[in-house]
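Below is one structure; the comments refer to it alone.
All ligand and atom numbering here is 1-based and tracks the order in the structure. Nothing here was measured: the structure is a model prediction, and the numbers come from that model.
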Amino acid sequence: MIIAIDGPAAAGKGTLARRIAGALGLPYLDTGLLYRAVGRLVLDANGDPADPEVAAAAALRLKAQDLARSDLRGGPADKAASQVASIPAVRSALLAFQRDFGQRHGAVLDGRDIGTIIFPNADIKFFVTASLDARTARRHAELLGRGEAISANDVRNDLVSRDEADANRKAAPLKPAGDAIIFDTTGLDADAAFRLALDMIRARTGAAP
Ligand code: CDP
C-alpha cells in the first residue's frame, strides 16, 4: 500500500506520516530530507543552491548517510532545500529513489508532489494543511525547542516565502492531487489528526488496524 501525504511547510505532515507508518507497519520516507540534503551539499561546497548545474551534480552524488545529517533543518537549510527543489534536473535525479523505496514493500511518503508526480496511483492521498497561524506556532515551538533563537514573525515570513516558491515553481508545484483528501489540521493536536487520518484510511482502503 502507498500512502501519499503532501502539503505546505509545517502543516504536520511528518508527524502524521510517521505515526500512520508505525500503525500500519509500513516504511516511511520523509522526501523533504532528500531536497534538504542536496541543498546542504551545495552549501557545504560554498555553491549557490539556485544554480541548476551545481545543484543537479549534488543530487547525483547524494548518499544515504547524507539523509542522517543533523544540520538539515533551520533557516539556511530550509531555503536551500526549496531552491534546489525548483530545479527539474534535481527532481528527476531523486525520482527513481522515491519510487523504488515505495515499490519495495509499500510505504508512507510525505512531501509536495507524492500524490501528483511520484505516486499518482497511491492508494490514498492526503493534502495536509493548517492555517498560517497554526503552522507558524508549530514551527516556532519546534525551533525554540531545538535552541534556535528566532521570532515568530521571522518563522511566519520564512513559511510564506517558501510556500510561495513551492506553489509557483514550474517543476512539480505544491498543489493537491485531484483525488486527494484535503485534511485541515488547524485546531487538531497530533493525536486527533492521527486518529482521524486512520479512520479515513480504514474507510477508504479497509486497512487494519
Ligand atoms: O518540514 P517542512 O514542511 O518545512 O519541509 P520539508 O517537507 O522538509 O521540505 C523542504 C523543502 O523541500 C520544501 O520547501 C520543498 O521546496 C522541497 N520539497 C519538494 O519540493 N518536494 C518534496 N517531495 C519534498 C520537499
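- Between Arg69 and Asp66 there is no salt bridge, since no side-chain nitrogen of the basic residue lies less than 4.0 Å from a carboxylate oxygen of the acidic one.
- Ion pair Asp71/Arg40 flagged as a salt bridge, since at least one NZ, NE, NH1 or NH2 atom sits closer than 4.0 Å to an Asp/Glu carboxylate oxygen.
- One finds a salt bridge joining Arg135 and Asp163 here, because a Lys/Arg side-chain nitrogen approaches an Asp/Glu carboxylate oxygen to under 4.0 Å.
- Protein neighbours of ligand 1 below 4.0 Å, counting non-hydrogen atoms: Ala9, Ala10, Lys13, Thr31, Gly32, Tyr35, Arg36, Arg73, Ala81, Ser82, Ala85, Arg91, Gly111, Arg112, Asp113, Arg139, Arg162, Asp166, Arg169.
- Under the side chain to side chain contact (heavy atoms under 4.5 Å, CB included) criterion, Leu144 pairs with His140, not counting sequence neighbours.
- Identified under the side chain to side chain donor-acceptor pair (under 3.5 Å) test for residues 176-201, with sequence neighbours left out: Arg19-Asp191, Lys125-Asp179, Arg138-Thr185, Asp184-Thr186, Asp199-Arg202.
- Screening residues 92-104 for salt bridge (Lys or Arg N to Asp or Glu O under 4.0 Å) gives no qualifying pairs among residues at least two apart or on separate chains.
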